[in-house]
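Have a look at the structure below, then the notes.
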Amino acid sequence: MRLSQYFLPILRDDPKEAEIASHKLMLRAGMVRQEAAGSYSWLPLGYRVLRKIEQIVREEQNRAGAIEVLMPTLQSADLWRKSGRYDAYGKEMLRIKDRQDRDLLYGPTNEEMITDIFRSGVQSYKDVPRNLYHIQWKFRDEVRPRFGVMRGREFLMKDAYSFDLTREAGQHSYNKMFVSYLKTFARMGLKAVPMRAETGPIGGKDSHEFLILAPTGESEVFFDKGFHDVDWQNFEIDYDNVEDVAGVVEKFTSMYAATSEMHDGADYEKRVPADRRMTGRGIEVGHIFFFGDKYSLPMGCEVQGPDGKKVVLQSGSYGIGVSRLVGGIIEASHDKDGIIWPEAVAPFKVGLINIKSGDAEADAACAKIYKALEAKGVEVLYDDRQQPGGAKFATMDLIGLPWQVIIGPRGLKDGIAEVKHRATGQRENVALDKVVEKLAG
RNA sequence: CGGGGCGUAGCGCAGUCUGGUAGCGCACCUGCCUUGGGCGCAGGGGGUCGCGAGUUCGAAUCCCGCCGCCCCGACCA
């Protein structure tokens with residue numbers, strides 16, 4: 001993409017309504033635009049990141065055996081009356097009437113709907129286990145939306161729902177999601193620490209939150225230093241192997257980690273040696289629940305067992321805040337100059353800077369590399385604007401693309417470009433004909 | 001929902017107390033100059049001062065009502 005033809009409304013000053021780094025940077029980098037309290041339009045740069053995160057989530061859900069569906073944003077109130085949550089959910093639920101005066105709501109979550117869908121599609125114990133998920137916009141009419149996309153009212157969420165015949169089988173479904181979450185967040189360059197959680201209004205028996213560590217997190221967290229040393233990603237897992245999956249869960253839950261709400265000081269001191277006690281702040285990016293028959297029972301979600309008797313299914317739900325992750329990643333990865341995208345979620349991999357746009361030689365050298373990178377499938381944003389070099393550097397650092405290729409008269413004399421790694425700041429002179437090779441890996 | 005604050009050009013702000021032709025910086029447009037970390041000079045465009053009703057010869061400014069947004073507290077992916 002040529003920047004001269006892109007839509008990237010950069011701001012030089014921090015908008016005054018933004019309080020935390022990710023919010024400021026997302027507005028300054030032209031990623032989003034606020035439309036109302038807690039409601040954002042996703043501009044081209046931000047949308048690219050959102051889609052990349054969504055795709056990673058999707059791939060890891062699929063790998064763990066979950067099956068993608070898509071449910072509507074608007075739901076009928078009747079479903080929620082059946083589960084008893086229509087009244088229980090309170091003002092956070094946005095309620096709407098249609099022209100026939102029927103009660104609708106903009107879905108804050110989908111347990112009712114998925115349970116209804118699943119129930120009507122299965123009759124036999126042979127139809128379970130199953131895990132269905134979708135990635136859809138949710139609306140929760142938060143009392144106080146804030147921090148940009150970190151706590152919006154409208155947000156993109158992946159929610160998965162498992163259905164099993166027995167509690168034991170349900171536990172395995174839960175464990176699979178637990179492990180897939182570790183892998184999902186690790187792929188985005190994040191360490192998301194699983195912590196035992198309250199079950200809250202969703203209800204249920206077992207629950208973990210996944211929190212990424214960042215100084216601006218909303219929750220205070222206490223954890224074992226061991227989390228810094230474990231292998232988050234490079235373990236192989238066979239999701240069908242019940243013991244192996246449970247083993248990973250055991251490994252990660254055996255270390256102490258708790259938010260302040262769940263923190264037990266005595267237990268902490270008993271289980272964690274003083275030199276390994278860590279405190280910090282965390283941002284919740286995922287939350288998983290096992291809730292047994294809480295929804296299956298009132299909604300009549302059951303199948304016929306091998307003995308011919310009806311069995312109420314055991315279920316769980318598993319959420320990831322996809323849009324929140326955009327802000328969360330920035331909180332975990334930025335510096336004074338701007339965002340530092342992990343490569344897996346970067347809107348473009350490479351930013352190509354033409355120091356002297358308009359100079360025939362510089363233009364030609366840039367155009368050649370630009371085309372070659374695109375031909376190799378490397379996502380590149382080419383700053384071909386008529387701007388002083390300094391402005392281009394500042395823009396590129398702000399939007400945080402992992403690699404910058406800097407081409408100007410100075411280097412061209414010797415046939416070289418400068419390649420800068422945004423995260424480390426390391427610069428390297430690379431022969432013009434080796435640039436593509438270096439970055440196409 | 002309780003408490004506090006703010007709405008003036010795309011962004012950041014001054015002007016409001018004490019009513020009298022709406023301003024500054026950045027951004028933007030034109031020309032020249034420049035291009036290795038937000039360059040310089042000259043010229044220029046852009047605002048129903050959040051909305052409505054009032055007081056007044058005259059309202060961004062005073063009065064009344066409303067709306068929006070932000071921050072602090074109790075709740076949430």
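Just so it is clear: chains get the letters A, B, ... in the order the sequence lines come, proteins before strands, and each one is counted from 1. Because only heavy atoms are used, hydrogens play no part in the values below, and waters and symmetry mates are left out as well, while side chains stay in.
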| query | Cut-off 3.5 Å, side chains only: do A:Gln61 and A:Asn131 have a donor facing an acceptor? | reply | no
| task | With RNA chain B as reference, determine whether A:Glu35 or A:Arg146 sits nearer its 5' end, using the nearest nucleotide of each. | result | A:Glu35
| query | What does A:Ala37 touch in the nucleic acid at a heavy-atom separation under 4.0 angstrom: a base, only the sugar-phosphate, or nothing? | reply | sugar-phosphate
| said: Once you apply a heavy-atom cut-off of 4.0 Å, does A:Gly327 come out as touching a base, just sugar-phosphate, or nothing? | reply: nothing
| message | Quick check on B:rC72: is either OP1 or OP2 less than 4.0 Å from any side-chain nitrogen or oxygen of A:Arg144? | response | yes
| request: Quote, to the nearest angstrom, the C1' distance that separates B:rA60 from B:rU16. | output: 7 Å
| task | Could you please name the option among B:rG36, B:rA77, B:rG38 that lies closest to any side-chain atom of A:Ile355? | result | B:rG36
| field | A:Gln34, nearest nucleotide to its side chain (from B:rC75, B:rC70, B:rG37) | value | B:rC70
| Between B:rC6, B:rU35, B:rG37, which nucleotide has the shortest distance from any of its atoms to the side chain of A:Gln386? | B:rU35
| said: Heavy atoms from C-beta onward define the side chain here; which of B:rU35, B:rC6, B:rA77 lies closest to that of A:Lys356? | reply: B:rU35
| Which nucleotide, in any strand shown, forms a Watson-Crick or G-U wobble pair with B:rG68, with both distances under 3.5 Å? | B:rC6
| said: Is the base of B:rA77 stacked against the aromatic ring of A:Phe155, taking ring centres under 5.5 Å apart and planes under 30° as the test? | reply: yes
| Could you give the CD1-to-C1' distance, from A:Ile20 to B:rC71, as a whole number of Å? | 13 Å
| query | Across the strands shown, which category fits A:Gly90 at heavy-atom distances under 4.0 angstrom: base, sugar-phosphate, nothing? | reply | nothing
| When all nucleic acid strands are considered with a 4.0 Å heavy-atom cut-off, which category describes A:Glu209: base, sugar-phosphate, or nothing? | nothing
| message | Please give the distance between the C1' atoms of B:rG54 and B:rU61 as a whole number of Å. | response | 15 Å
| query | At under 4.0 Å between heavy atoms, what does A:Pro388 touch on the DNA or RNA strands: base, sugar-phosphate, or nothing? | reply | base
| message | When you measure from the side chain of A:Gln136 to the backbone of A:Met71, do you find a donor-acceptor pair of N or O atoms at a distance under 3.5 Å? | response | yes
| field | C1'-based separation of B:rC57 from B:rG38 [nearest Å] | value | 50 Å
| message | Would you say the ring centers of A:Phe289 and A:Tyr174 fall short of 6.0 Å from each other? | response | no
| task | Identify whether any heavy atom of A:Leu11 sits under 4.0 Å from a base atom; if not, whether one sits that close to sugar-phosphate; answer base, sugar-phosphate or nothing. | result | sugar-phosphate
| Side-chain donor/acceptor contact of A:Asp14 with base of B:rG12 under 3.5 Å | no
| Any chance the side chains of A:Arg85 and A:Tyr295 put a donor and an acceptor closer than 3.5 Å? | yes
| request: Just name whichever nucleotide pairs with B:rG73, Watson-Crick or G-U, keeping both distances under 3.5 Å, else none. | output: B:rC1
| task | Would you kindly give the CG-to-C1' distance between A:Asp383 and B:rG36, to the nearest whole Å? | result | 14 Å
| query | Nearest-Å distance, CZ (A:Arg385) to P (B:rA27)? | reply | 12 Å
| task | Please work out if A:Ile406 contacts a base, only the sugar-phosphate, or nothing of the nucleic acid, heavy-atom cut-off 4.0 Å. | result | base
| task | With side chain to side chain donor-acceptor pair (under 3.5 Å) as the test, would you mind laying out the steps for A:His287 and A:Ser207 before giving the verdict? | result | CA-CA 7 Å; A:His287 202 158; A:Ser207 179; 2.8 Å; yes
| Which nucleotide, B:rG38, B:rA77, B:rC71, lies nearest any side-chain atom of A:Phe147? | B:rC71
| task | Just compare B:rG38, B:rA77, B:rC76 and give me whichever is closest to any side-chain atom of A:Phe289. | result | B:rA77
| For B:rU16, the Watson-Crick or wobble partner whose two distances fall under 3.5 Å | none
| request: Only one of A:Phe290, A:Phe210, A:Tyr318, A:Phe185 passes ring pair (Phe, Tyr, Trp, His ring centres under 6.0 Å) with A:Phe178; say which it is. | output: A:Phe210
| message | Between B:rG12 and B:rU55, how far apart are the two P atoms, rounded to whole Å? | response | 35 Å
| message | Can you measure A:Ile407 atom CD1 to B:rU35 atom C1' for me and round it to whole angstrom units? | response | 15 Å
| Roughly how far apart, to the nearest Å, are B:rU21 and B:rG37 at atom C1'? | 43 Å
| task | Could you check whether A:Glu17 gets within reach of a base, just the sugar-phosphate, or nothing at all, counting any heavy atom under 4.0 Å? | result | sugar-phosphate
| field | Under 3.5 Å on both distances, the Watson-Crick or G-U partner of B:rA59 | value | none
| message | In terms of relative ring orientation, are A:Trp137 and A:Trp42 parallel, tilted or perpendicular, with 30° and 60° separating the classes? | response | tilted
| said: Mind checking if A:Lys24 touches a base, just sugar-phosphate, or nothing, with heavy atoms under 4.0 Å? | reply: nothing
| request: Decide yes or no, distance alone: a donor-acceptor N/O pair under 3.5 angstrom between the base of B:rC76 and the side-chain of A:Arg151. | output: yes
| Below 3.5 Å, does any donor atom in the side chain of A:Arg427 face an acceptor in the base of B:rG37, or the other way round? | yes
| said: Here's a test of your reading of the structure: between A:Pro145 and A:Met157, which maps to the more 5' nucleotide of RNA chain B? | reply: A:Pro145
| request: Give a yes or no on whether the ring-centroid distance for A:Tyr6 and A:Phe348 is below 6.0 angstrom. | output: yes
| Distance between the P atoms of B:rC11 and B:rC76, in whole angstroms? | 34 Å
| request: Give A:Ala36 one of three labels, base, sugar-phosphate or nothing, depending on what nucleic acid heavy atoms sit under 4.0 Å from its own. | output: sugar-phosphate
| query | Can you tell me how far C1' in B:rG31 sits from the matching atom in B:rG68, rounded to whole Å? | reply | 42 Å
| query | If you look only at pairs with a residue in residues 400-441 of chain A, which of them pass as a ring pair (Phe, Tyr, Trp, His ring centres under 6.0 Å), with sequence neighbours excluded? | reply | A:Trp403-A:His421
| request: Please work out if A:Lys392 contacts a base, only the sugar-phosphate, or nothing of the nucleic acid, heavy-atom cut-off 4.0 Å. | output: nothing
| task | Compare side-chain N and O positions of A:Gln387 against OP1 and OP2 of B:rU34 and report whether any pair is under 4.0 Å apart. | result | no
| request: Under 4.0 Å between any heavy atoms, over every strand shown, what does A:Val285 touch: base, sugar-phosphate, or nothing? Just pick one. | output: sugar-phosphate
| said: Rounded to whole Å, please give me the gap between CG in A:Leu27 and C1' in B:rC26. | reply: 17 Å
| task | May I ask which nucleotide in the shown strands pairs with B:rC28, Watson-Crick or G-U wobble, both distances under 3.5 Å? | result | B:rG44
| Between B:rG38 atom P and A:Arg28 atom CZ, what is the distance in whole Å? | 14 Å
| field | Sugar-phosphate only, base, or nothing, as touched by A:Gly408 at under 4.0 Å among non-hydrogen atoms | value | base
| query | Are OP1 or OP2 of B:rC1 and a side-chain N or O of A:Lys91 less than 4.0 angstrom apart? | reply | yes
| note | note: A:Glu111, atom CD; B:rA77, atom P; distance rounded to Å ~ 10 Å
| query | Closest to the A:Asp13 side chain: B:rG25, B:rA27, B:rA77? | reply | B:rG25
| said: Using only atom types and a distance under 3.5 Å, with no angle test, would you say the side chain of A:Thr73 pairs donor to acceptor with the backbone of A:Tyr106? | reply: no
| query | Where the side chain of A:Val143 is concerned, which of B:rG12, B:rG37, B:rC1 is the nearest nucleotide? | reply | B:rC1
| field | Phosphate-side-chain proximity, A:Arg410 and B:rG36, N/O vs OP1/OP2 below 4.0 Å | value | no
| said: When the P atoms of B:rG50 and B:rA9 are compared, how many Å lie between them, rounded to an integer? | reply: 8 Å
